[in-house]
Every structure is written in structure tokens, then in C-alpha cells.
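Have a look at the structure below before the remarks.
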Amino acid sequence: MVLSAADKSNVKAAFGKIGGHAEEYGAEALERMFITYPQTKTYFPHFDLGKGSAQVKGHGKKVAAALVEAANHIDDIAGALSKLSDLHAQKLRVDPVNFKLLGQCFLVVVAAHNPALLTPEVHASLDKFLCAVGTVLTAKYR
Amino acid sequence: MVHWTAEEKQLITGLWGKVNVEECGAEALARLLIVYPWTQRFFDNFGNLSSPTAIVGNPKVQGHGKKVLTSFGEAIKNLDNLKGTYSKLSELHCDKLHVDPENFRLLGDILVIVLAAHFSKDFTPACQATWQKLVGLVAHALARKYH
């Protein structure tokens with residue numbers, strides 16, 4: 001699965017429009033993921049996962065920053081997320097299936113906050129992009 | 001045995017009452033064919049699927065999308081018996097249509113996103129969780145008679 005020039009352009013434009021809301025979207029995506037897919041909470045036994053949790057907000061900020069970084073270096077996502085990829089392989093070891101779940105929730109958040117932004121074409125490009133990010137983060141698992 | 005809380009049932013029926021089945025069905029199917037283009041393999045006789053614009057405007061896509069979502073409406077009337085509701089359709093999708101059940105999961109995820117776009121803030125996390133549960137169970141019921 002390869003990101004076309006059109007995909008890259010769609011993703012960059014989408015994140016441009018999302019702008020400063022990215023952190024908020026990251027936090028909400030996590031919140032939705034924990035509620036919709038409770039098994040994902042098993043990776044955060046050390047977190048307060050209650051509504052409005054500062055830890056979830058903080059973590060959402062980190063997730064969003066990584067997505068923005070990947071979008072800003074969309075020609076070399078593997079390079080941009082290399083350290084994060086190492087971290088996930090060596091320390092975090094989040095099962096690969098969970099990246100798709102977070103991706104779904106991120107798309108839901110974008111849809112809910114910005115329906116006009118999520119045209120079918122942009123939806124397709126963002127879905128591919130989120131897949132690519134997940135692939136990079138799990139690339140060094142074995 | 002599926003268990004629905006009263007709150008979940010309310011989140012489903014409450015939202016469904018406001019859904020334009022024809023529009024929503026058409027949009028969900030179009031997005032499935034656009035976001036996951038390999039799903040077009042089942043629709044060789046649908047005519048022009050050559051671009052997102054063509055897919056969105058395609059009357060066969062619109063008609064079929066409405067049909068699919070109307071069937072979903074039946075499930076919502078029979079939340080306590082999804083297996084029974086989808087038994088014949090499951091056999092059809094296996095024996096005649098030869099559709100990989102993974103496609104039901106893909107369509108379910110797309111439907112959730114379409115609902116989120118439509119209902120915005122009203123599509124709360126609890127609402128999303130309930131609907132993801134529903135689409136998952138519908139996918140499961142549709143796959144149940146596969147052999």
C-alpha cells in the first residue's frame with residue numbers, strides 16, 4: 001500500500017485544516033478507543049482513564065504530535081517515526097491490531113468535528129496514512 | 001446470547017430515527033468502494049466506478065446502498081435476534097454472492113464514520129461504542145452461516 005501524490009497532498013491539507021485542534025483530537029480519539037474497545041485499556045494500567053483525565057489528554061497530545069510529524073515528513077514516515085518505532089518494538093509492544101482501532105477512532109473524531117473536511121477522497125487518504133503509520137510503528141516487531 | 005442495556009437500545013433506536021436511510025446507505029456504500037477499492041470486485045455490473053465522483057453519482061451504488069441500510073433497519077427492529085434476522089442473508093452472501101465476511105466489518109466501520117459526520121457532537125463516545133458493537137454483531141450474524 002503506497003501513498004500517492006494525491007494522498008500525500010490530501011493528508012497534508014487535512015492536517016493543515018485540523019491545525020491546533022490536533023492535540024484535542026488525539027485525546028478524544030484515545031477516549032473513544034478506551035470506551036469502544038475496552039481491551040485497549042490493558043496497555044494503560046498505570047493511567048487514570050476516567051473522563052477528562054489529564055493523563056489521557058497528555059497522551060493524546062503525544063499521539064497527535066506523532067501524526068503531525070508523520071504528515072510533515074510524509075515522504076519518509078519510517079524515518080520520521082524511527083525512534084517511536086523502536087520504542088513500540090522494544091518496550092511498548094502494543095499488538096498491531098490496536099493501531100487500526102485507534103485509526104478508526106481518529107477518523108470518527110475528524111468526522112464528528114469536521115464533516116466537511118472528510119470527503120470520500122480525504123477519508124481514503126487519511127485511512128491509508130493511518131495504516132502506513134501503524135505499519136511503521138510495528139515494522140521492527142520481528 | 002447478545003445483551004443490550006436499555007441505554008444501548010436507546011442510543012441505537014434514538015439515532016436511527018433520525019437517519020435518512022437512502023442517503024446514508026448510498027454514502028456508506030460509496031465510501032466503502034472508494035476507501036477500500038478492492039471491494040469493487042463484487043460490483044462489476046454496476047457500470048462506472050472509475051473515480052470517487054463516478055462512484056458517488058452512480059445510481060446503482062445509491063440504490064444498493066439504500067437496500068443494504070434498509071436491511072440494517074430490520075436488524076435494529078430485532079436487536080435480540082440478529083442471528084435469526086440475518087440467517088437467510090448469511091446463506092446468500094456465502095453461497096451465491098461469495099463475499100468475504102471481512103467486507104461486513106469494513107462496511108460497519110465506514111457506517112460508523114458516516115454517522116459521526118452526520119451527527120457530529122451527538123455521536124458521543126457512548127454512542128460510537130454502541131454502534132461499533134452493533135455493526136460488529138451484524139457482521140458476525142452475516143458470517144454465521146458460512147461454510
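Per chain, numbering begins at 1; letters A, B, ... match sequence-line order.
Follow the hydrophobic side-chain contacts under 4.5 Å out from A:Ile35 and you never reach B:Ile12; the two are in separate clusters. Connection of A:Leu101 to A:Val136 is established within a shared hydrophobic cluster, with ILVMFWY side chains joined at heavy-atom distances below 4.5 Å, either directly or through further cluster members. Put simply, A:Phe99 and A:Phe129 are part of the same group of oily side chains (I, L, V, M, F, W, Y) that touch within less than 4.5 Å, one to the next. Clustering ILVMFWY residues whenever any of their side-chain heavy atoms sit less than 4.5 angstrom apart, transitively, puts B:Phe119 in the very cluster that holds A:Leu117. One hydrophobic cluster, built from ILVMFWY side chains closer than 4.5 Å, holds both A:Ile18 and A:Leu102.
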Any idea which donor-acceptor pairs are under 3.5 Å between chain B and chain A?
unit_1: B:Arg31; atom_1: NH1; unit_2: A:Leu118; atom_2: O; d: 2.9
unit_1: B:Arg31; atom_1: NH1; unit_2: A:His123; atom_2: ND1; d: 3.0
unit_1: B:Arg31; atom_1: NH2; unit_2: A:Leu118; atom_2: O; d: 2.8
unit_1: B:Tyr36; atom_1: OH; unit_2: A:Asp127; atom_2: OD2; d: 3.2
unit_1: B:Asp109; atom_1: O; unit_2: A:Gln104; atom_2: NE2; d: 3.1
unit_1: B:Ser120; atom_1: OG; unit_2: A:Ala112; atom_2: O; d: 2.4
unit_1: B:Phe123; atom_1: O; unit_2: A:Arg32; atom_2: NH1; d: 3.0
unit_1: B:Phe123; atom_1: O; unit_2: A:Arg32; atom_2: NH2; d: 2.7
unit_1: B:Thr124; atom_1: O; unit_2: A:Arg32; atom_2: NH1; d: 3.4
unit_1: B:Gln128; atom_1: OE1; unit_2: A:Arg32; atom_2: NH1; d: 3.1
unit_1: B:Gln132; atom_1: OE1; unit_2: A:Tyr37; atom_2: OH; d: 3.3
unit_1: B:Gln132; atom_1: OE1; unit_2: A:Gln104; atom_2: NE2; d: 2.9
unit_1: B:Gln132; atom_1: NE2; unit_2: A:Tyr37; atom_2: OH; d: 3.3

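The greatest number of non-hydrogen atom pairs below 4.5 Å with chain B, out of A:Leu118, A:Val110, A:Val108, A:Val109, is found for A:Val108.
Neither the backbone nor the side chain of B:Val114 comes within less than 4.5 Å of any heavy atom of chain A.
Considering only heavy atoms from C-beta on, A:Pro120 stays 4.5 Å or farther from B:Val35 through its side chain.
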